[in-house]
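Written out below as structure tokens is the structure these notes cover.
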Amino acid sequence: MIEKKFAPNVNLFERIQPTKLNTGISYDMSPMRLNRMEKLETNDFKAVFSGLIENFNQELNAPDQLLKDAMQESSNVDIHDVMTAMAKAEVGVTVATNITTKIVQAYDKIMQIQL
């Protein structure tokens with residue numbers, strides 16, 4: 001056991017100085033990360049999913065429109081912009097395919113559960 005003469009009698013909570021960084025330790029301050037979290041715009045899964053599909057559709061149609069503009073030379077469209085849009089669309093298709101595959105696999109696993 002530690003003797004009293006070796007252990008200092010110091011109240012550490014009185015000596016703590018506030019900092020500029022809000023860590024959420026004190027009760028009167030909210031945690032720093034809660035202020036940076038994104039707020040949900042909607043709780044409707046259907047609206048969120050349809051928004052994702054619309055964005056995916058726009059991303060798929062972007063290379064076609066850029067290619068038409070490049071061929072007509074009606075605007076300042078560079079072939080590099082077309083290739084970048086095509087690469088983005090290809091990545092989008094790959095991600096969508098992988099997500100669809102995972103959803104089908106999860107459905108198959110759920111259907112194999114015996115009650």
Side-chain angles (χ1 to χ4, degrees):
M1 183 167 174
I2 300 176
E3 296 181 24
K4 276 285 203 196
K5 63 181 179 180
F6 294 118
N9 188 11
V10 176
N11 187 354
L12 293 178
F13 291 108
E14 291 176 356
R15 297 180 69 187
I16 293 177
Q17 298 292 322
T19 65
K20 293 180 182 178
L21 178 63
N22 180 2
T23 58
I25 294 174
S26 66
Y27 294 107
D28 60 341
M29 297 164 60
S30 63
M32 182 178 65
R33 291 186 181 177
L34 286 180
N35 296 334
R36 295 188 342 186
M37 289 177 60
E38 294 180 9
K39 304 290 189 241
L40 293 176
E41 292 180 12
T42 178
N43 292 331
D44 188 16
F45 179 76
K46 182 179 177 183
V48 172
F49 199 70
S50 64
L52 289 173
I53 297 297
E54 288 176 14
N55 289 342
F56 178 66
N57 192 24
Q58 289 175 356
E59 192 173 298
L60 283 180
N61 292 333
D64 294 336
Q65 187 61 38
L66 286 173
L67 188 59
K68 287 178 188 175
D69 291 343
M71 291 175 73
Q72 294 175 352
E73 297 180 3
S74 60
S75 63
N76 269 345
V77 177
D78 191 13
I79 192 67
H80 298 291
D81 296 333
V82 176
M83 294 303 293
T84 303
M86 290 177 105
K88 285 173 74 174
E90 183 180 355
V91 168
V93 168
T94 303
V95 169
T97 305
N98 289 338
I99 289 172
T100 305
T101 303
K102 292 293 183 181
I103 289 172
V104 169
Q105 287 174 354
Y107 178 77
D108 286 341
K109 286 183 179 182
I110 290 171
M111 294 307 291
Q112 291 175 0
I113 296 174
Q114 295 180 2
L115 299 176

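When reading the values below, keep in mind they use all heavy atoms of this one structure, side chains included, and skip hydrogens, waters and symmetry mates.
Between Glu59 and Lys88, the shortest heavy-atom distance links the atoms OE2-O, 2.9 Å. Here the shortest heavy-atom pairing between Phe56 and Ala96 reads CZ-CB, 3.9 Å. Here the shortest heavy-atom pairing between Ala89 and Pro63 reads CB-CG, 4.0 Å.
No continuous path of ILVMFWY side-chain contacts below 4.5 Å connects Ile53 to Ile103, so the two sit in separate hydrophobic clusters. In this structure, Ile99 is a member of the same hydrophobic cluster as Val91, with clusters built from ILVMFWY side-chain heavy atoms closer than 4.5 Å. The hydrophobic clustering, which links ILVMFWY residues whose side-chain heavy atoms are closer than 4.5 Å, places Ile79 and Met86 together.
Note: Asp69 CG to Gln65 CD = 5.0 Å, rounded to the nearest 0.5 Å. Taken to the nearest 0.5 Å, the OG atom of Ser50 stands 12.0 Å off from the CG atom of Asn57.
Heavy atoms from other residues, nucleotides or ligands lying under 6.0 Å from CG of Asp78 number more than 12.
Listed for the Asp81 side chain is no donor-acceptor partner under 3.5 Å among the backbone atoms of Val77.
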